[in-house]
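I have placed the structure first, in the form of structure tokens, so that the comments after it can refer back to it.
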Amino acid sequence: MLNVSKAFSSFSVNDIQKAREFYGKTLGLELSNGPEGTLVVPLLGGTKALMYPKPNHQPATFTVLNFPVDSVEKAVDELSQRGVRFEVYNEPNLKTDARGISRGNGPTIAWFKDPAGNILSVLEAA
């Protein structure tokens, strides 16, 4: 039953207009309007992510959306030029360089936050 379902991801934001500007203009994603004031991000393979406004939104403490890329270095450069700030971690089990790139502990990955504080990433496709 569920293996033939077209599953999708969803997460909340506190300001749908800021989300529209960030995901549409800053990240360059195509967005469409969904039901009841939601935003839909179509993803490759026919899946989608749905953002919904939530007045008492609390940012996710985990990565809500991962973007596989050919080169994290190049993605970090391009997104940084668009104003995206990458998270720098220096924790015992999680370290990044000064640009926010983690290497050697799983895939090469860099995390950043949307205006609502949700965590997103770019990671190198295997």
Side-chain angles (χ1 to χ4, degrees):
M1 175 175 86
L2 295 181
N3 62 338
V4 295
S5 173
K6 212 163 196 178
F8 64 94
S9 174
S10 66
F11 54 93
S12 70
V13 296
N14 58 343
D15 186 323
I16 206 76
Q17 186 55 40
K18 283 184 182 177
R20 180 184 307 280
E21 290 173 20
F22 180 77
Y23 286 88
K25 293 182 181 174
T26 304
L27 299 185
L29 300 173
E30 289 189 30
L31 304 174
S32 61
N33 294 319
E36 300 178 27
T38 61
L39 286 177
V40 178
V41 180
L43 303 171
L44 288 180
T47 60
K48 62 185 171 184
L50 177 80
M51 286 172 269
Y52 56 92
K54 185 176 179 190
N56 60 346
H57 164 77
Q58 293 292 315
T61 58
F62 51 88
T63 309
V64 298
L65 199 52
N66 296 287
F67 295 97
V69 295
D70 291 330
S71 168
V72 168
E73 298 260 350
K74 184 177 177 182
V76 167
D77 287 344
E78 290 178 14
L79 291 171
S80 294
Q81 289 175 358
R82 295 180 185 187
V84 173
R85 286 191 268 166
F86 286 85
E87 300 296 303
V88 175
Y89 298 106
N90 188 16
E91 299 173 12
N93 296 324
L94 180 59
K95 295 191 184 302
T96 63
D97 64 18
R99 295 174 59 210
I101 301 172
S102 174
R103 296 176 188 84
N105 191 20
T108 300
I109 187 168
W111 294 274
F112 59 100
K113 293 181 179 176
D114 72 4
N118 294 312
I119 302 168
L120 313 170
S121 83
V122 290
L123 71 151
E124 282 188 13

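Worth knowing before you read on, the calculation uses all heavy atoms, side chains too, and leaves out hydrogens, waters and symmetry mates. Numbers for residues simply follow the sequence, beginning at 1. None of the values given here were measured: they were computed from a predicted structure.
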Handout entry: Minimum-distance pair of heavy atoms, taken over all atoms of P59 and G117
Key = CB-O, 3.4 Å

Practice task
Look at atom CG of N56 and say whether more than 12 heavy atoms of other residues, nucleotides or ligands are closer to it than 6.0 Å.
Solution key: yes

Problem - Heavy-atom check, side chain of V84 versus side chain of L27, under 4.5 Å - result: yes

Handout entry: Linked, directly or transitively: V69 and I109 (ILVMFWY side chains, under 4.5 Å)
Key = no

Exercise for the section: Kindly indicate whether the side chain of T108, heavy atoms from C-beta on, has any atom under 4.5 Å from the side chain of E73. Expected result: no

Exercise for the section: Check whether I119 and L94 end up in the same hydrophobic cluster, where Ile, Leu, Val, Met, Phe, Trp and Tyr are linked by side-chain heavy atoms less than 4.5 Å apart. Expected result: yes

Practice task
Decide whether V41 and L65 are clustered together by the hydrophobic rule: side chain heavy atoms of Ile, Leu, Val, Met, Phe, Trp, Tyr closer than 4.5 Å, transitively.
Solution key: yes

Exercise for the section: Using a 4.5 Å cut-off on heavy atoms from C-beta on, say whether the side chain of F11 contacts that of M51. Expected result: yes

Practice task
Provide the closest heavy-atom pair for P107 versus L123 in the form atom of the first, atom of the second, distance.
Solution key: CG-CD1, 3.9 Å

Practice task
State, with a plain yes or no, whether a side-chain heavy atom of V40 is found less than 4.5 Å away from one of L50.
Solution key: yes

Exercise for the section: Using a 4.5 Å cut-off on heavy atoms from C-beta on, say whether the side chain of N118 contacts that of H57. Expected result: yes

Problem - Pairs involving residues 29-55, ordered by first then second residue, that meet side chain to side chain donor-acceptor pair (under 3.5 Å) (sequence neighbours left out) - result: R20-N33

Problem - Shortest non-hydrogen contact from S71 toward E124 - result: CA-OE2, 3.9 Å

Handout entry: Shared hydrophobic cluster for W111 and F62 (ILVMFWY, side-chain gaps under 4.5 Å)
Key = no

Handout entry: Approximate separation, where rounding is to 0.5 Å, of S102 OG and D97 CG
Key = 8.5 Å

Problem - Qualifying residue, where the test is side chain to side chain contact (heavy atoms under 4.5 Å, CB included) with F67 and the options are L79, L29, V72 - result: L29

Handout entry: Atom CD of Q58: over 12 foreign heavy atoms under 6.0 Å
Key = no

Completion exercise
Closest non-hydrogen contact found for G37 with I16 is O-CG1, 3.6 Å

Exercise for the section: Measure up the F22 and F112 rings against each other and bin them: parallel (under 30°), tilted (30 to 60°), perpendicular (over 60°). Expected result: tilted

Exercise for the section: Is it possible for you to say whether I101 and V122 belong to one hydrophobic cluster, with membership spreading through side-chain heavy-atom contacts below 4.5 Å? Expected result: yes

Problem - Short side-chain to backbone donor-acceptor contact, S9 and A49, under 3.5 Å - result: no

Problem - Short N-O contact, K18 and D114, less than 4.0 angstrom - result: no

Practice task
Evaluate the criterion side-chain contact (heavy atoms from CB on, under 4.5 Å) for residue pair Y23 and L31; output intermediate values, then yes/no.
Solution key: CA-CA 8 Å; Y23 286 88; L31 304 174; 4.1 Å; yes

Exercise for the section: Work out which heavy atom in F86 is nearest to a heavy atom in A110; give both atom names and the distance. Expected result: CD2-CB, 3.7 Å

Handout entry: Rounded distance (nearest 0.5 Å) linking atom CZ of F8 with atom CG of L43
Key = 12.0 Å

Handout entry: Heavy-atom pair of closest approach, residues V76 and S80
Key = O-OG, 2.7 Å

Exercise for the section: Take atom NZ of K74 as the centre, draw a 6.0 Å sphere, and report whether it contains more than 12 heavy atoms from other residues, nucleotides or ligands. Expected result: no

